[in-house]
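Quick note: residue numbers are just sequence positions, from 1.
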Amino acid sequence: MKLDVITLDGGKAGSVELSDDIFGQEPRRDILYRVVRWQRNKAQAGTHKVKTRTEVKYSTKKIVRQKGSGGARHGSRKAPIFRGGGVYKGPTPRSHGHELTKKVRKMGLMHALSSKAQAGKLVVLDELSAAGKTGALARQVKDLGWKRALIIDGATVNEDFAQAARNLGNVDVLPTMGANVMDILKRDTLVITKAGVEALEARLK
């Protein structure tokens, strides 16, 4: 697959050959779903907690006498049936993550990249360069027509560009190792630098 390479100013900077094994696959929704579900579950905090009857604080005095009240034989105000009592089998802190093989995770990333390429939403950029000015970068992004863009650079992100993009709500910047299925699918446009393409192809070989 061959794509034109552009600059941030909208000019042409040659072309690049993309690997069909990574950018030319037929996207599978089931693989993408499994990887996104794995990512979301792994990110879930799992800090929800309720108090059991051993944790709520009430007097330990017997509520009513054992016999003669005409009611049930209750012995503790902490019982789950009373308002303010402990919760029976409520949620406790736990991890929501589950296992997913490296092979499936790798396939998911390749299928996410391929889906953007197939939809014509993949842009290859020559390099990231900015003077650290958010306003100037915002104008360039607007001129290029990127509404919600994810930009993937090489092993490291240009510091001046990262500083300029920090306050842009419609632009996210990641190094190659941060590239993931959920972030790619959430954005309208996927922008990868030439260094990012080389690093991704090396990572996914």
Side-chain angles (χ1 to χ4, degrees), residues 1-29 31-40 43 105-204:
M1 179 188 297
K2 201 169 186 177
L3 275 185
D4 292 333
V5 180
I6 65 169
T7 64
L8 275 173
D9 295 326
K12 291 187 177 180
S15 61
V16 65
E17 189 71 33
L18 301 179
S19 171
D20 287 335
D21 291 336
I22 297 173
F23 295 92
Q25 295 201 28
E26 185 63 32
R28 284 179 52 183
R29 294 173 64 91
I31 296 293
L32 295 175
Y33 168 78
R34 287 179 65 186
V35 179
V36 170
R37 180 171 172 267
W38 171 75
Q39 278 189 251
R40 289 178 63 86
R105 284 182 269 163
K106 182 178 175 180
M107 285 175 61
L109 186 53
M110 291 191 291
H111 285 225
L113 294 169
S114 297
S115 69
K116 288 298 181 185
Q118 191 180 85
K121 300 293 186 180
L122 176 63
V123 177
V124 180
L125 201 62
D126 183 31
E127 62 178 356
L128 297 184
S129 58
K133 299 296 183 182
T134 302
L137 180 59
R139 285 190 292 273
Q140 289 176 320
V141 169
K142 184 178 179 180
D143 292 340
L144 289 168
W146 300 344
K147 293 182 179 179
R148 296 178 69 236
L150 172 65
I151 302 176
I152 299 176
D153 201 3
T156 57
V157 178
N158 180 293
E159 289 185 9
D160 290 337
F161 187 90
Q163 182 179 352
R166 193 169 297 151
N167 289 328
L168 293 180
N170 61 334
V171 175
D172 285 313
V173 187
L174 291 174
T176 307
M177 289 308 295
N180 63 88
V181 173
M182 195 161 69
D183 281 337
I184 290 173
L185 296 180
K186 279 198 305 185
R187 272 64 181 188
D188 297 328
T189 307
L190 175 62
V191 183
I192 310 177
T193 63
K194 288 172 67 176
V197 170
E198 293 175 3
L200 277 173
E201 290 183 346
R203 174 183 169 185
L204 297 173

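Here the shortest heavy-atom pairing between S115 and P27 reads CA-CG, 3.6 Å. A112 approaches V181 most closely through the heavy-atom pair CB-CG1, 4.1 Å. Between F23 and E201, the shortest heavy-atom contact is CE1-OE2, 4.0 Å. Here the shortest heavy-atom pairing between A179 and L200 reads CB-CD2, 4.2 Å. Annotation for L32 and G108: closest pair CD2-O, 3.5 Å, computed over non-hydrogen atoms. Listed here is the closest heavy atom pair of L185 and K116: O-NZ, 4.1 Å.
Interatomic distance, CG of L109 versus CD1 of I31, reported as 12.5 Å (0.5 Å rounding). Atom CG of N180 sits about 4.5 Å away from atom CD of Q39, to the nearest 0.5 Å. Here CG of L150 is found 6.5 Å from CD1 of I184. Values are rounded to the nearest 0.5 Å.
The side chain to side chain donor-acceptor pair (under 3.5 Å) contacts involving residues 150-159 comprise D153-T193, where partners must be two or more places apart or lie in separate chains. Listed by first and then second residue, the salt bridge (Lys or Arg N to Asp or Glu O under 4.0 Å) pairs involving residues 171-182 are D172-R187 (not counting sequence neighbours). Residue pairs meeting the side chain to side chain donor-acceptor pair (under 3.5 Å) criterion with at least one partner in residues 132-144, sequence neighbours excluded, are D9-Q140.
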For residues 118-129, which side-chain N or O atoms pair as donor and acceptor with protein atoms under 3.5 Å away, sequence neighbours left out?
| unit_1 | atom_1 | unit_2 | atom_2 | d |
| --- | --- | --- | --- | --- |
| Q118 | NE2 | E26 | OE1 | 3.3 |

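Using a 4.5 Å heavy-atom threshold, the side chains of K147 and T189 count as separate. L18 places none of its side-chain heavy atoms less than 4.5 Å from the side chain of I22. Side-chain atoms of V157 and I151, non-hydrogen and from C-beta on, never get closer than 4.5 Å to each other.
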For this session: Evaluate side chain to side chain contact (heavy atoms under 4.5 Å, CB included) for V191 paired with L144, printing each intermediate quantity in order.
Result: CA-CA 11 Å; V191 183; L144 289 168; over 6 Å; no
For this session: Report the C-alpha distance between K106 and R203 in whole Å, list the side-chain angles of each, state the deciding distance to 0.1 Å, and finish with yes or no for side chain to side chain contact (heavy atoms under 4.5 Å, CB included).
Result: CA-CA 9 Å; K106 182 178 175 180; R203 174 183 169 185; over 6 Å; no
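In this structure N170 satisfies the side chain to side chain contact (heavy atoms under 4.5 Å, CB included) test together with V141, L168, sequence neighbours excluded. Annotation: side chain to side chain contact (heavy atoms under 4.5 Å, CB included) contacts of R148 (sequence neighbours excluded): D188. Taking the side chain to side chain contact (heavy atoms under 4.5 Å, CB included) definition, one finds that Q25 meets it with M110, H111, S114, sequence neighbours left out. Applying the side-chain hydrogen bond (donor to acceptor under 3.5 Å, both in side chains) criterion to Q163, with sequence neighbours excluded, gives no partner residue. In this view, R28 and D30 satisfy the side-chain hydrogen bond (donor to acceptor under 3.5 Å, both in side chains) rule, not counting sequence neighbours. A search for salt bridge (Lys or Arg N to Asp or Glu O under 4.0 Å) contacts involving R166 returns nothing, not counting sequence neighbours. Taking A164 as the reference, A130, L137 meet the side chain to side chain contact (heavy atoms under 4.5 Å, CB included) condition, with sequence neighbours excluded. Residues forming a side-chain hydrogen bond (donor to acceptor under 3.5 Å, both in side chains) with E17 (at least two apart in sequence, or on another chain): none.
The local environment of CZ in R105 is crowded, with over 12 non-hydrogen atoms from other residues, nucleotides or ligands closer than 6.0 Å.
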